[in-house]
Protein chains: 2
Amino acid sequence: MTEREPSRALAHPEPADIRLEGVLHALSDPVRLVIVRELAGTGVELSCSYFELPVTKSTTTHHFRVLREAGVVRQTYRGTAKMNGLRRAELDGLFPGLLDSVLTAADAEAARLGAPSARPA
Amino acid sequence: MTEREPSRALAHPEPADIRLEGVLHALSDPVRLVIVRELAGTGVELSCSYFELPVTKSTTTHHFRVLREAGVVRQTYRGTAKMNGLRRAELDGLFPGLLDSVLTAADAEAARLGAPSARPA
DNA sequence: CCGGTCATACGACGTTCGTCGTACCATGGA
DNA sequence: TCCATGGTACGACGAACGTCGTATGACCGG
């Protein structure tokens, strides 16, 4: 709840605490899937404000938190910005091939549905 | 033909209507994940009553319905029983490798958590 | 025909989810 | 110092979810 600590630190689940169900659930939301695809596509850390999502800032914060608590992304403060990076190594170690196949599937579906975004040419 | 039409037909989404988000959501429930793992492990069609799930019959029906409507399983009546089979071909065609990696991940997690009902092929 | 078995439908209930708005805090620069 | 920028916390709300119990329907074997 109310942390009076420096609190500029964010809690991340350790690999042993990451649950497949949680990851799948995190990935089952369209907005979050867009975030993950973009993160994977660029391969670098991106700030929350980098993303242009069809939701408000509050909701964006919420989605990033869900991703972080599921163990999908790692968030670190960098000045006023909060950078987000995919936890690829941990995820691949825990669930080999899962992230890649989800990403591939998302690309395939986007192409199938004629969605243009999230594809860094 | 000697093919007998099932008295009650069940609606299944066509491959083109299967959504990745829907599949991931269907797979993100522990009970449904158990069902899918068992279906994949045996490789044959299983009746609803075959499964020993920690929920009532009503809830079991509900979960099978979610899986069917997401396009994960195919259900066909066979007498009073309803047989359930994984839609492997369709899923693999739509999202190559996805099902396998989820299944592998589920096995890995089950082993990691000390699962009792793991199903080594 | 009649009962038994397998599964469904429907309604209910509490929980979680996705969304928003508003108020607030933390950092960095003018 | 003060303010602009980037993000958070909290509360609210409707919708969807997972669960159950009971009543009902479909099929098979006597």
Side-chain angles (χ1 to χ4, degrees), chain A residues 1-12 19 21-36 39 45-70 72-85, chain B residues 3-12 19-36 38-39 45-70 72-85:
Chain A
M1 313 300 269
T2 43
E3 294 273 7
R4 71 264 223 257
E5 281 299 325
S7 78
R8 239 21 199 171
L10 292 160
H12 291 80
R19 293 282 172 277
E21 294 87 340
V23 172
L24 293 178
H25 173 250
L27 262 25
S28 71
D29 181 275
V31 174
R32 291 193 291 260
L33 199 47
V34 164
I35 294 173
V36 170
L39 246 19
E45 296 198 332
L46 298 172
S47 70
C48 291
S49 57
Y50 168 88
F51 297 86
E52 295 183 11
L53 303 170
V55 293
T56 64
K57 248 173 206 209
S58 296
T59 306
T60 298
T61 296
H62 164 72
H63 284 308
F64 274 110
R65 179 161 38 152
V66 171
L67 288 170
R68 187 187 78 236
E69 292 179 345
V72 178
V73 306
R74 178 176 305 284
Q75 300 189 288
T76 39
Y77 282 104
R78 216 180 157 101
T80 65
K82 185 157 74 170
M83 306 308 287
N84 302 273
Chain B
E3 192 89 41
R4 188 155 60 100
E5 280 293 317
S7 53
R8 264 184 300 175
L10 292 159
H12 292 80
R19 292 284 173 276
L20 174 61
E21 294 87 340
V23 172
L24 293 178
H25 171 250
L27 262 24
S28 72
D29 181 276
V31 174
R32 292 193 290 260
L33 198 47
V34 164
I35 293 174
V36 170
E38 207 131 7
L39 246 20
E45 295 198 332
L46 298 172
S47 70
C48 291
S49 58
Y50 168 88
F51 297 86
E52 294 182 11
L53 303 169
V55 293
T56 66
K57 224 156 219 242
S58 296
T59 307
T60 298
T61 295
H62 164 72
H63 284 309
F64 274 110
R65 182 199 184 99
V66 171
L67 287 171
R68 173 173 47 90
E69 292 181 343
V72 178
V73 306
R74 179 176 305 284
Q75 300 188 288
T76 40
Y77 281 104
R78 209 177 168 93
T80 65
K82 185 157 73 170
M83 307 307 288
N84 302 273

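Residue numbers start from 1 in every chain, and the chains themselves are labelled A, B, ... in the order their sequence lines are given, proteins ahead of strands.
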Let me know the distance between CD of B:Glu45 and P of C:dA7, rounded to the nearest Å. 13 Å
Spacing between B:Glu52 atom CD and C:dC6 atom P, to the nearest angstrom: 13 Å
Show, in sequence, the C-alpha distance, side-chain angles and deciding distance for B:Thr56 and B:Thr59, and conclude whether the side-chain hydrogen bond (donor to acceptor under 3.5 Å, both in side chains) test is met. CA-CA 5 Å; B:Thr56 66; B:Thr59 307; 3.3 Å; yes
How long is the line joining CG of B:Leu10 and C1' of D:dG25, in whole Å? 14 Å
To the nearest Å, how far apart are B:Glu21 CD and D:dA16 P? 16 Å
Side chain proximity check, A:Leu39 to A:Ile35, heavy atoms < 4.5 angstrom: yes
Let's see if you can work this out: which of C:dT19, D:dG7, D:dT19 has an atom nearest to the side-chain heavy atoms of A:Thr61? D:dG7
Given C:dA7, C:dC17, D:dG7, the nucleotide with the shortest approach to the side chain of A:His25: C:dC17
B:Arg19 CZ: over 12 foreign heavy atoms closer than 6.0 Å: yes
Presence of B:Arg65 side-chain N/O under 4.0 Å of C:dA7 phosphate oxygens OP1/OP2: no
Nearest to the side chain of B:Ser47, heavy atoms from C-beta on, is which of D:dG18, D:dT19, C:dA7? C:dA7
For the student: nearest non-hydrogen atoms of A:Arg32 and A:Ala26, plus distance: NE-O, 2.8 Å
note: B:Tyr50, atom OH; C:dA7, atom C1'; distance rounded to Å ~ 19 Å
Tell me: CZ of B:Arg32 to P of D:dA16, nearest whole Å? 15 Å
In terms of the nearest nucleotide of DNA chain C, which residue is placed more toward the 5' end: A:Asp29 or A:Gly79? A:Asp29
Using a cut-off of less than 4.0 Å, is there contact between a side-chain N or O of B:Thr59 and OP1 or OP2 of D:dC20? yes
Which whole-number value in Å describes the distance from B:Lys57 NZ to D:dG21 P? 14 Å
Grab the NE2-C1' distance between B:His62 and D:dG18 for me, whole Å please. 6 Å
Any donor-acceptor pair, under 3.5 Å, between the side chain of A:Thr80 and the base of C:dG28, if you only look at N and O atoms? no
Check whether more than 12 heavy atoms from other residues, nucleotides or ligands sit under 6.0 Å from atom CZ of A:Arg65, and answer yes or no. no
Ignoring backbone atoms, establish whether A:Arg78 has a side-chain N or O less than 4.0 Å from OP1 or OP2 of C:dT27. no
How is B:Ser58 classified with respect to the nucleic acid when contacts are heavy atoms under 4.0 Å: base, sugar-phosphate, or nothing? base
